[in-house]
Amino acid sequence: MTCVKVERRARIVMIRLNRPEKMNAINSTMENEFYSVLADCDRMADVSCVVLTAEGANFSSGHDVQQVAAETIGGQEPATIQGKYWVHTGDLLPPWRFSKGLVVATKGYVGPHANTILLAADVVIAADNSRFSWEESRVGVGAPYGPYALMPFHFPIRVMKQLWMTGGWMDAQTARQLFYVNRVVPLGQEEQTALCFAEQIARMEIGDLVANKRGTHRLYEAAGLSAMVDVGRDPYVPSAEAAVAKEHHLRLIHEKGVRAAVRERDTGWDDEVSKV
């Protein structure tokens, strides 16, 4: 493993995102490694729960947009996961299919693709400095595709619209009020609190745990989730103007770096108005 650290604690497996110098941006390698560990834990009868946390000051900025820009603008060969382009699979991702307990501990910045993991998690513990962001939506997205189809099951419609349509964000306290996270704790206590929840989950009989989780997820799929995922497979074709703006954003990332691109992306946006 090069982008995650893995530690075994009896019936609990700790996974740490490990690119702190890149705000734990999720590149194709990290995503493949994370899914590989989840698959191993699913197969192991003596593992009941996975705790996902991160090295450094931030949980994750989301997709590694530098890799996206290199593949889109720079001519780099696009990476794949399970035979599909790694950024947009148009389907529910492996964390939703993971049959054991999945507890996440966040801190600092939590970008859009990182939120797809939270949307599928069973328990989320947030440090009080967590910022849950969909701000990258400001440079253009289509219908809530694949894993983002879980958003309407978490948020009231006006919250989802503010996050998805106009690139909004929320702090830890608002996320708790919306039940997006289970607990908000002082920075530095999030990992230990997540472990306490994982230890509770690990006390469950494993067959009951798996059956209850699968049954719960099937209820949501029967309630419309599967159809909403299908909506995301209907490709959104942006206007010529929107396509040019997106290409400009990616070219700026590729040539001048993420910081410059984000600065331009957020120019003129009111941070307080964007906050849910």
Side-chain angles (χ1 to χ4, degrees), residues 19 22-31 58 60-81 83-93 109-116 119 131-152 155 157-170 228-276:
R19 300 183 74 209
K22 297 289 187 181
M23 288 180 63
N24 292 313
I26 302 171
N27 61 9
S28 57
T29 301
M30 178 185 283
E31 195 145 11
N58 298 284
S60 172
S61 61
H63 274 131
D64 185 339
V65 290
Q66 284 186 312
Q67 181 178 349
V68 175
E71 293 171 343
T72 306
I73 301 297
Q76 180 176 309
E77 182 70 22
T80 60
I81 294 179
K84 300 178 181 179
Y85 180 45
W86 72 282
V87 176
H88 300 299
T89 65
D91 204 349
L92 291 171
L93 300 178
Y109 191 80
V110 186
H113 190 54
N115 277 295
T116 66
L119 288 165
R131 179 187 180 104
F132 304 96
S133 168
W134 276 261
E135 288 155 290
E136 189 69 4
S137 294
R138 297 170 186 176
V139 297
V141 293
Y145 54 84
Y148 294 106
L150 285 161
M151 288 178 69
F155 302 127
I157 187 169
R158 286 192 179 89
V159 172
M160 181 179 169
K161 285 180 175 180
Q162 187 173 350
L163 293 172
W164 190 259
M165 288 172 55
T166 60
W169 65 280
M170 58 188 169
M228 293 167 69
V229 172
D230 287 339
V231 169
R233 295 195 185 99
D234 184 14
Y236 161 67
V237 180
S239 67
E241 182 180 355
V244 168
K246 180 74 170 180
E247 181 178 343
H248 170 74
H249 179 67
L250 292 172
R251 190 170 297 281
L252 193 59
I253 291 170
H254 186 62
E255 295 176 354
K256 295 187 177 181
V258 175
R259 187 180 298 274
V262 169
R263 188 181 298 114
E264 181 173 302
R265 181 198 74 187
D266 292 344
T267 297
W269 291 81
D270 188 318
D271 203 52
E272 187 58 35
V273 174
S274 299
K275 180 181 180 181
V276 171

Passing option when Val110 is tested against Phe132, Trp169, Trp134 for side-chain contact (heavy atoms from CB on, under 4.5 Å) = Phe132

Any side-chain heavy-atom pair from Asp266 and Asp271 closer than 4.5 angstrom?
-> no

Taking all heavy atoms of Glu71 and all of Ala79, pick out the closest pair and write down the distance.
-> OE2-N, 3.0 Å

Do Glu136 and His249 meet the criterion of a side-chain donor-acceptor pair at a distance under 3.5 Å?
-> yes

Taking atom types as modelled, find out whether Ser274 and Glu135 have a side-chain donor-acceptor pair closer than 3.5 angstrom.
-> no

So NZ of Lys84 and CG of Asp91: to nearest 0.5 Å the spacing works out to 5.0 Å

Identified side-chain contact (heavy atoms from CB on, under 4.5 Å) partner of Ile26 from the options Lys22, Met30, Met23 | Met30

Rounded distance [0.5 Å steps], NE2 in His254 versus OG1 in Thr72 = 10.0 Å

Parallel under 30°, tilted from 30 to 60°, perpendicular over 60°: which one fits the rings of Trp164 and Tyr148?
-> tilted

Given Lys256, His248, Arg259, the one that forms side-chain contact (heavy atoms from CB on, under 4.5 Å) with Glu264 | His248

Under 3.5 Å, side chain of Asp64 to main-chain N/O of Ser28, donor-acceptor pair present?
-> no

Do you know the tightest heavy-atom contact between Gln162 and Val273?
-> NE2-O, 3.2 Å

